[in-house]
Amino acid sequence: MSEQKENINQEHLAVYEVFVRSNRGLDHKHVGSLHAESPEHALMYARDCYLRRSEGVSVWVVKASDITASQEDDIANFVDPMDDKPYRHATHYVLPDNVSNM
Amino acid sequence: MQSVDNAAEQIEFDRRIVEEQKIEPSDWMPEDYRKNLIRQMSQHAHSEVIGMQPEGNWITRAPSLRRKAVLLSKVQDEAGHGLYLYSATESLGVSRSELIEALQTGVAKYASIFNYPTLTWADVGAIGWLVDGAAIVNQISLQRTSYGPYARAMIRICKEESFHQRQGYEIMYELAHGSPEQKAMAQDAMNRNWWPALMMFGPHDSDSAHSGRSMQWKIKRVSNDDLRQKFIDQTVPQIEVLGLEMPDPEIKWNEEKGQYDSGEINWEEFYQVINGSGPCNYQRLKHHKKAHQDGEWVREAVRAYSEKQQTKKENVA
Ligand SMILES: [Fe+2]
Ligand SMILES: [Fe+2]
């Protein structure tokens, strides 16, 4: 039993990513991460850690291992920056001088 | 649902609306608010998706490679807008298949403008300029709508819309300054699209079935007539720059009001088209159903893949 207890050090706990909505109507934004033994605990730790100065009105915690992410080193192969498609931007179109409001 | 049990929640909801706070999916909300949102947001999503058809009609026939690439990009954006809006609507507890069924059975509507045909290349210009232009006026006001996911979708969409209108205006400008035939084509496309574009803002405030409550709940932030006037006021000078004749002989600057006067919309036509008798209603839904059916093999493959992955996992465990 005591052996098991010793196993509960940070390294054996899951990492949770923390997302906070600072105000109603805004998106949840990533603010950091923490270790926890369950999602419920992660939520409480997030509250204690990231919301001590009324930083938000809502918190999400997501197990880091549940996040499927792109690889930063490989981003050039994964996402085309679309540099060859300038026409996707409004600034590509030159308006006559006397046209405003577009 | 709205019995005395909800009295406290109702007070909280009303307070949030008054204080300009957003309503989020996990909040309690009156059943009618939820229904009203599902109706408006799904109608908006359907419009993005059905709206791809009239423009898609010209992708293979665009007059240059550049025009083709631009049009493809725009139509691709509209598909994305449909997705943002369907996802936001689903946060209200309705499923994608229910939404699509409502569209295909005619229970849900979409913007009536997409029931008109795109007869010439100039229609692609007129649509980008006028139809996306009208949509932008509406969508800018909806960035302040009271339902959080809808407001956030609108902000994202407005950012992407900016090039849609400009590419349309560029087409119109080029045609209007081209040969007499090209100029006539631009004039004709504008004349045909003008009135349906004005109809996009919906019936007059006095005749609008859903407007009053939507305004109270701050789902809608600006009335149909006010949005329409805003669109007319910003578009008339753009018509002048094109050097085309006004599509409505009654358009005239009203010094006193500080806005343009204009003629009355043919509301009989509006209701006919909304209720299914427009030139392309049948074709639009038929095509949507066909595309949906033709895509069944993809959904089937996705299901098969997911099952296979599941069995793999179970076998390992
Ligand atoms: Fe759109
Ligand atoms: Fe658009």
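None of these values were measured; they are calculated from a predicted model. Chain letters run A, B, ... following the sequence lines, proteins first and then strands; every chain starts at 1.
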Among residues 64-90 of chain A, which ones touch chain B with a heavy-atom distance under 4.5 Å?
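Near chain B, by residue number: A:Tyr87, A:Arg88, A:His89, A:Ala90.
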Counterpart residues, side-chain contact (heavy atoms from CB on, under 4.5 Å), relative to A:Arg53 (two or more places apart)
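Per chain and number, A:Arg53 pairs via side-chain contact (heavy atoms from CB on, under 4.5 Å) with A:Glu55.
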Which bit of [X] comes within less than 4.5 Å of chain A, counting heavy atoms only: side chain, backbone, both or neither?
| X | answer |
| --- | --- |
| B:Asp77 | neither |
| B:Val241 | side chain |
| B:Glu170 | side chain |

Does [X] have more than 12 heavy atoms from other residues, nucleotides or ligands lying within 6.0 Å of its [atom1]?
| X | atom1 | answer |
| --- | --- | --- |
| B:Lys22 | NZ | yes |
| B:Glu12 | CD | yes |
| A:Asp97 | CG | no |

Taking 4.5 Å as the heavy-atom cut-off, does anything in residues 127-135 of chain B contact chain A, and if so which residues?
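Interface residues of residues 127-135 of chain B: B:Trp129.
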What residues of residues 141-161 of chain B sit under 4.5 Å from chain A when only non-hydrogen atoms are counted?
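So the qualifying residues are B:Arg152, B:Arg156.
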Between A:Asn23, A:Thr91, A:Val99, A:Val94, who has the most heavy-atom pairs with chain B when the cutoff is under 4.5 Å?
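Ranked by contacts with chain B, first place is A:Val99.
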Just how far is it from atom CD of B:Gln234 to atom CE of A:Met102, taken to the nearest 0.5 Å?
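If I round to the nearest 0.5 Å, the distance is 8.0 Å.
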When you measure from the side chain of A:Arg24 to the backbone of B:Gln21, do you find a donor-acceptor pair of N or O atoms at a distance under 3.5 Å?
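No: the side chain of A:Arg24 does not pair with the backbone of B:Gln21.
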